[in-house]
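Working notes, beginning with the structure itself.
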Amino acid sequence: MKLVFAGTPEPAVPSLRALLESTRHEVAAVVTRPDAPAGRGRKLLRSPVGALADEAGIPVLTPRRPSEPDFLAQLSELAPDCCPVVAYGALVPRAALDIPCSGWVNLHFSLLPAWRGAAPVQAAVRHGDEVTGATTFLLEEGLDTGPTFGVVTETVRPADTAGDLLGRLATSGAALLLATMDGIADGTLRPQPQPTDGVSHAPKVTTADARVEWVLPPLAVDRLIRSVTPEPGAWSTFRGDRLGLGPVAPVTDGATPVLKPGELHVEKRRVLVGTATAPLQLGEVLPVGKRAMPAPDWARGARIEPGELLT
């Protein structure tokens, strides 16, 4: 089939690469978000998907909105059979959805209808799901509501961050997307309506959502931090400044002090912080204007006094 691939961030790269390497399909162009400023110099950078397309010598389309008449005209001229989509980052209007004869097929990183929305992997980690996966489905104007083609499942490991889990799903999901394209081309796949039961939503996670509330139980704190690692990154405040937080660990040796929520306890090789019940051991921390460092190194430099809090 002749394809126009739509995607933007790094997790979409394995899918584009799988389609480029397929002998059954031609990727005629790539649609990605416009180049964005990054780094201290604020230089405009191509998205990871756009960079791979450049490397492969494929035309790259970067409309600000996929409803733009110029983009719709370009897509019509390309006349794709299908538009596979992975984390493109913009809503596709009906005028664009109607152009390819086999529609737009989205790879979504959840087992639909669970966790429809922008942050399914973060939601799965935060809510303690034991199994998640990826789904291919026919894109509609509704939010992740279209009929599905296929799924792959993935076990959520106890120490998984959202980044860990998304990395595995990006790889297994790429194989699923390629198999879906093959099945559509062969005429052996027909989309099936999503179940009406089990619908849940995963809206975009903001920086405010990533603030740690130490009054929560330790399991909830652990899941929250892992769910926003690496993006947007968990944080708390210390002495009025923001302090970034990496994944924490349970304290298993039994010799733990009684600490108030957020209260710090510094030992030679570890730093503990209180929660609603049992303390947790801090991992890496990221002070403002500094590199990430192990919590004991930070604590020595900060000269933490007894009773000081993360708030």
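Computed from heavy atoms alone, side chains included, the values below leave out hydrogens, waters and symmetry copies.
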Between [X] (side chain) and [Y] (backbone), is there a donor-acceptor pair under 3.5 Å?
X: Thr275; Y: Ala278; answer: yes
X: Thr8; Y: Gly89; answer: no
X: Asp98; Y: Ala95; answer: no
X: Glu284; Y: Pro247; answer: no
X: Lys2; Y: Leu78; answer: yes

Pairwise side-chain contact, Pro232 with Thr206, heavy-atom cut-off 4.5 Å (strictly under):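 Result no, sub-4.5 Å side-chain heavy-atom pair not found.
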Side chain to side chain, Pro100 and Val4, heavy atoms closer than 4.5 Å: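 A side-chain contact is absent here, since even the closest heavy-atom pair is not under 4.5 Å.
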Electrostatic pair Arg46-Asp35, nearest N-O below 4.0 angstrom: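 Yes, this pair counts.
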Presence of salt bridge, Arg126 and Asp209, under 4.0 angstrom: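 The answer is no: the pair does not qualify as a salt bridge.
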Aromatic plane relationship, Trp115 with His127 - under 30° parallel, 30 to 60° tilted, over 60° perpendicular: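 Correct class here is tilted.
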Ring center gap for Trp298 and Phe238 short of 6.0 angstrom: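 Centroid separation for Trp298 and Phe238: below 6.0 Å.
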Between the side chains of [X] and [Y], does any donor sit under 3.5 Å from an acceptor?
X: Thr135; Y: Thr148; result: no
X: Glu267; Y: His265; result: yes
X: His25; Y: Asp182; result: yes
X: Thr136; Y: Thr180; result: yes

Using the rule that Ile, Leu, Val, Met, Phe, Trp and Tyr join whenever any side-chain heavy atoms are under 4.5 Å apart, tell me whether [X] and [Y] fall into a single cluster.
X: Phe149; Y: Leu169; result: yes
X: Val151; Y: Phe137; result: no
X: Leu280; Y: Ile304; result: yes
X: Leu72; Y: Leu97; result: yes
X: Met1; Y: Ile99; result: no

Write down the atom of [X], the atom of [Y], and the distance for their closest heavy-atom approach.
X: Thr277; Y: Pro218; result: OG1-CD, 2.9 Å
X: Pro84; Y: Leu19; result: CG-CD1, 3.7 Å
X: Ile225; Y: Leu245; result: CG2-O, 4.1 Å
X: Ala134; Y: Gly173; result: CB-CA, 4.4 Å
X: Pro11; Y: Val86; result: O-CG1, 4.3 Å
X: Val60; Y: Ala53; result: CG2-CB, 3.6 Å

Nearest-0.5 Å distance that lies between atom [atom1] in [X] and atom [atom2] in [Y]:
X: Glu154; Y: Leu111; atom1: CD; atom2: CG; answer: 10.5 Å
X: Thr62; Y: Arg64; atom1: OG1; atom2: CZ; answer: 8.0 Å
X: Leu3; Y: Ile184; atom1: CG; atom2: CD1; answer: 9.0 Å
X: Ser22; Y: Leu177; atom1: OG; atom2: CG; answer: 10.5 Å
X: Cys83; Y: Leu139; atom1: SG; atom2: CG; answer: 10.0 Å
X: Thr229; Y: Leu165; atom1: OG1; atom2: CG; answer: 12.5 Å

Derivation and outcome, salt bridge (Lys or Arg N to Asp or Glu O under 4.0 Å), residues Asp186 and Arg24: CA-CA 10 Å; Asp186 292 338; Arg24 298 197 57 189; 2.5 Å; yes
Heavy atoms from other residues, nucleotides or ligands near CZ of Arg65 exceed 12 (cutoff 6.0 Å):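 Incorrect, the count does not exceed 12.
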